[in-house]
Amino acid sequence: MTDFLTVLLIAVGLSADAFAVSISNSMTKPNLNKIQFVAYPICFGLFQGLMPLLGYFIGSAFSGFVEKVDHWIALVLLAFIGGKMIFESITDINKKRKSADAIDVPTDNEGDTKKRFSVGEMLLQGIATSIDAFVVGITLALTVNMNIFISVSIITFTTFILSLLGMYLGKKVGKYLSDYSGIVGGIILVGIGLKIFIEHIIAI
């Protein structure tokens with residue numbers, strides 16, 4: 001029972017970044033269909049489960065290297081995605097303002113970049129929010145007396161549930177922020193990247 005609670009707490013901790021990114025995704029992409037809406041939590045859950053599994057079996061050989069670069073990878077990926085989101089949102093706002101006096105102004109612009117679902121972006125987010133879980137897999141091997149596949153299943157399911165909750169929260173919040181949700185969402189992603197980076201720097 002103690003090992004279960006330990007793994008569950010680890011899972012919640014690992015899921016925090018995925019939860020925040022899910023809020024940003026749902027907030028900035030209000031036109032996601034049901035499959036796309038669930039795809040983010042599934043992706044984050046699978047990555048959070050896969051990374052500890054890899055760390056458990058092969059991490060001892062590469063743990064030192066991963067610890068040196070994981071925070072840099074997370075910072076670069078999330079800063080790139082978040083910065084791109086902010087830039088595109090500001091561009092969209094400016095375009096809408098310029099065309100505000102037009103006779104036919106589309107209310108649901110198909111070209112609105114902040115509303116597009118991107119598999120590539122989703123995978124990059126999955127990597128960025130889960131790469132530190134690679135080292136956690138090594139920790140599980142040393143400190144938790146539980147089958148690794150059960151531990152990974154707990155982490156995967158917990159991340160999925162919290163990410164799904166984040167998607168629902170983001171959808172509610174996005175309604176109130178309207179066009180500015182892209183800017184806020186981008187700031188959230190950049191902030192998460194900085195958070196991961198600073199935490200690792202302080203820990204060194």
Side-chain angles (χ1 to χ4, degrees), residues 11-51 70-93 95-96 107-134 155-199:
V12 172
L14 291 175
S15 303
D17 292 334
F19 171 77
V21 172
S22 295
I23 292 177
S24 172
N25 286 331
S26 182
M27 185 169 56
T28 56
K29 297 176 175 64
N31 289 344
L32 294 173
N33 60 40
K34 292 181 179 179
I35 295 177
Q36 294 169 343
F37 190 86
V38 179
Y40 282 104
I42 292 176
C43 176
F44 294 158
L46 290 176
F47 269 103
Q48 288 287 9
L50 177 62
M51 288 296 186
D70 59 354
H71 51 295
W72 283 103
I73 295 175
L75 176 63
V76 171
L77 290 179
L78 291 177
F80 172 76
I81 297 172
K84 180 172 176 286
M85 189 182 299
I86 293 171
F87 174 78
E88 291 176 343
S89 296
I90 293 176
T91 301
D92 289 333
I93 291 173
K95 286 181 179 179
K96 289 181 180 180
T107 56
D108 186 14
N109 187 357
E110 293 293 335
D112 193 344
T113 53
K114 75 174 184 178
K115 297 181 180 180
R116 293 177 182 173
F117 171 79
S118 169
V119 174
E121 180 183 289
M122 180 180 68
L123 293 176
L124 286 178
Q125 290 178 352
I127 294 172
T129 56
S130 66
I131 190 168
D132 56 341
F134 183 88
I155 293 172
T156 299
F157 183 72
T158 301
T159 303
F160 170 78
I161 293 299
L162 291 181
S163 297
L164 189 61
L165 176 60
M167 293 294 290
Y168 278 107
L169 290 177
K171 188 174 183 180
K172 297 294 183 182
V173 175
K175 293 180 180 179
Y176 298 100
L177 295 176
S178 186
D179 292 335
Y180 296 95
S181 59
I183 297 175
V184 176
I187 292 174
I188 290 175
L189 292 185
V190 174
I192 295 171
L194 288 172
K195 166 184 165 291
I196 295 173
F197 182 79
I198 292 173
E199 285 177 345

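Both backbone and side-chain heavy atoms feed into the values below; hydrogens, waters and symmetry mates do not.
- The two residues S24 and G186 come nearest to each other via the heavy atoms OG-N, 4.4 Å.
- The line from CD1 of I187 to CD1 of I86 is 5.0 Å long, rounded to the nearest 0.5 Å.
- S15 and T159 get closest at one heavy-atom pair: OG-OG1, 2.9 Å.
- Atom CG in L77 sits 13.5 Å away from atom CH2 in W72 (nearest 0.5 Å).
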I would like to know whether N25 and M122 meet side chain to side chain contact (heavy atoms under 4.5 Å, CB included); could you show each step before the answer? CA-CA 9 Å; N25 286 331; M122 180 180 68; over 6 Å; no
What side-chain donor-acceptor pairs closer than 3.5 Å can you find for residues 34-48, not counting sequence neighbours?
| unit_1 | atom_1 | unit_2 | atom_2 | d |
| --- | --- | --- | --- | --- |
| Q36 | OE1 | N33 | N | 3.2 |
| Q48 | NE2 | L14 | O | 2.8 |
| Q48 | NE2 | T129 | O | 2.9 |

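- Note that CD1 of I192 and CG of L75 are 12.0 Å apart. Values are rounded to the nearest 0.5 Å.
- Atom-to-atom distance recorded for T156:OG1 and M51:CE is 12.0 Å, nearest 0.5 angstrom.
- Closest of all the heavy-atom pairs between S26 and M167 is OG-O, 2.5 Å.
- Note that OH of Y168 and CD1 of I23 are 14.5 Å apart. Values are rounded to the nearest 0.5 Å.
- When side chains are defined from C-beta on, V190 does not count as touching L78, because their heavy atoms never get closer than 4.5 Å.
- Counting only residues at least two apart or in different chains, salt bridge (Lys or Arg N to Asp or Glu O under 4.0 Å) contacts with residues 73-84 comprise K84-E88.
- Between atom CG of residue L162 and atom CZ of residue F157 there is a gap of 10.0 Å, rounded to the nearest 0.5 Å.
- Pairs engaging residues 156-172 under the salt bridge (Lys or Arg N to Asp or Glu O under 4.0 Å) rule: none recorded [sequence neighbours left out].
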